[in-house]
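Data block below; observations after.
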Amino acid sequence: MKLDVDGNLAEIEPSTAESATDALRHAREPLSEFAHALIAGLSARNKSVPCRFFYDAAGSALFERITELPEYYPTRTEMRILQSRAGEIPSLAPSDAVLIEFGSGSSTKTELLLEVMRDLYAYVPVDISEAALVDAEARIKTRFADLRVLPVAGDFSRPLRLPDEVAGKPKLGFFPGSTIGNLTDTEAAELLANMRRILGADSTLIIGADLKKDVRRLIAAYDDAAGVTAKFNLNLLHRANRELGADFNVDAFRHLATYDVRHGRIDMHLVSRDEQTVQVLGHRFRFAAGERIHTEHSHKYDIDGFQALAERAGWRPQAVWTDPERLFSVHVLRAG
Ligand code: TRP
């Protein structure tokens with residue numbers, strides 16, 4: 001077991017069978033962020049777990065598989081939109097601009113931008129995970145050997161300092177994947193405003209936003225026939241068993257995706273198949289048959305609605321690109 005500098009549980013090797021002594025040992029250690037969030041989320045009257053905990057190594061690998069599913073249109077549609085606009089992208093920023101990517105997990109989309117913007121001053125991937133940054137830098141360096149890569153480890157939902165080297169340079173922000181949709185509207189507006197502060201007055205933001213559409217099509221994208229999304233969602237419980245010595249019987253839960261028309265969002269849940277009790281670090285949680293753990297929001301926008309959200313956060317809509325089926329949108333925003 002590894003502990004980080006604060007003595008919290010850090011990356012832990014998966015172990016399948018947890019013994020009682022393991023469970024005790026887990027229970028005595030200072031609680032990890034995941035442990036705190038899980039216990040708080042399961043203690044609430046409406047149980048929930050924040051979606052950022054999906055992405056351990058197993059979860060990240062499953063998410064990669066989701067992006068390749070026939071039903072999961074967002075990734076490939078956004079890529080096609082960017083490809084179809086490749087000729088316009090260089091005109092969005094001056095030649096000595098700095099490309100700032102929020103989250104460094106979207107290599108193919110980033111490479112497309114770097115491919116067409118050959119005169120960038122630097123590429124700055126921002127990510128909370130140092131490991132993700134190391135990977136991103138190595139990947140980019142193999143293809144763009146001359147590019148100045150200046151990774152920043154940090155949380156872009158908080159005030160963040162960019163490297164001194166890029167001070168005064170025009171900035172082009174990039175936030176693909178409709179990740180913004182995983183936040184509530186208030187959080188989304190705050191994040192957009194924070195990105196505006198990080199990027200500064202002379203900046204442009206390219207941001208992906210998934211569009212409202214036929215409900216069956218939306219649900220299918222979050223409940224695929226091969227069951228990969230179900231596995232991804234249920235991995236959260238496996239992760240709790242692996243890292244915290246919880247005793248979720250994962251087969252006693254099922255994946256559920258619903259669409260909330262009023263809020264324009266997909267909601268992801270884990271549903272308890274029967275009445276049961278689960279133990280996490282000495283806390284016991286009772287589930288009624290059919291009771292849900294809410295695990296994710298994924299907001300779907302219309303173009304006007306997204307632009308209004310951006311304007312509230314200090315951005316001026318400059319352009320919006322979509323695909324012929326109008327499945328997905330890519331917005332170009334200028335600091336207002
Ligand atoms: N940002 C992605 C989305 O909302 C994340 C995602 C895709 C996701 N499929 C999922 C999250 C299934 C949880 C469960 O589209």
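Any value given below was found using the heavy atoms of this structure, including those in side chains, with hydrogens, waters and symmetry copies removed. Positions are given from 1 along the sequence. As the structure is a prediction and not an experimental result, all values here were calculated from the model.
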Inset, instruction - Could you list the residues that satisfy ring pair (Phe, Tyr, Trp, His ring centres under 6.0 Å) with F63, not counting sequence neighbours? - result: Y55, F232
Inset, instruction - With sequence neighbours excluded, tell me which residues meet side chain to side chain contact (heavy atoms under 4.5 Å, CB included) with R292. - result: L256, T258, H269, V271
Inset, instruction - For a side-chain contact (heavy atoms from CB on, under 4.5 Å) with V278, tell me which candidate from L42, L237, D247, N249 qualifies. - result: D247
Inset, instruction - To the nearest 0.5 angstrom, please state how far the CD atom of E296 sits from the OG atom of S48. - result: 12.0 Å
Inset, instruction - Report the C-alpha separation of D202 and R334 in whole Å, then their side-chain angles, then the decisive distance to 0.1 Å, and conclude whether the salt bridge (charged side-chain N to carboxylate O under 4.0 Å, His left out) test is met. - result: CA-CA 8 Å; D202 183 12; R334 271 298 289 171; 3.1 Å; yes
Inset, instruction - Determine whether F54 and N233 make a side-chain contact, defined as any pair of heavy atoms from C-beta on separated by less than 4.5 Å. - result: yes
Legend entry - Value rounded to 0.5 Å, distance of CZ in R196 from OG in S203: 5.5 Å
Legend entry - Aromatic contact, F253 with F287 (centres under 6.0 Å): yes
Inset, instruction - Quick one: which residue pairs count as a ring pair (Phe, Tyr, Trp, His ring centres under 6.0 Å) with a foot in residues 132-170, not counting sequence neighbours? - result: F102-F156, F156-F175
Inset, instruction - State which residues pass side chain to side chain contact (heavy atoms under 4.5 Å, CB included) with A189; sequence neighbours excluded, sorted by chain then number. - result: L309, R312
Legend entry - Whichever hydrophobic residues join V320 through chains of side-chain contacts under 4.5 Å: L211, I303
Legend entry - Which residues share a side chain to side chain contact (heavy atoms under 4.5 Å, CB included) with A221, sequence neighbours left out: Y72, Y73
Legend entry - Any pair counted as side chain to side chain donor-acceptor pair (under 3.5 Å), so long as it reaches residues 151-169, sequence neighbours left out: D155-S157, R161-D164
Inset, instruction - May I ask you to say whether R143 pairs ionically with E111, meaning some side-chain N is under 4.0 Å from a carboxylate O? - result: yes
Inset, instruction - Return the set of residues passing side chain to side chain contact (heavy atoms under 4.5 Å, CB included) with D224 (not counting sequence neighbours), or none when no residue passes. - result: L69, E71, A226, V228, T229
Inset, instruction - Could you note down all residue pairs passing salt bridge (Lys or Arg N to Asp or Glu O under 4.0 Å) where residues 170-191 supplies at least one of them, sequence neighbours left out? - result: none
Inset, instruction - Provide the full list of salt bridge (Lys or Arg N to Asp or Glu O under 4.0 Å) pairs with a residue in residues 39-52, sequence neighbours left out, each pair given once. - result: E33-R52, K47-E291
Legend entry - Approximate separation, where rounding is to 0.5 Å, of D127 CG and D135 CG: 10.0 Å
Legend entry - Short N-O contact, D210 and K213, less than 4.0 angstrom: yes
Legend entry - Salt-bridge contact R85-E88 (side-chain N to carboxylate O under 4.0 Å): yes
Inset, instruction - With sequence neighbours left out, write down each residue that passes ring pair (Phe, Tyr, Trp, His ring centres under 6.0 Å) with F34, or none if nothing qualifies. - result: F53
Legend entry - Partner of F248 under side-chain contact (heavy atoms from CB on, under 4.5 Å), chosen from L236, L270, V280, L234: V280
Legend entry - With sequence neighbours excluded, residues passing ring pair (Phe, Tyr, Trp, His ring centres under 6.0 Å) with H297: H294, H299
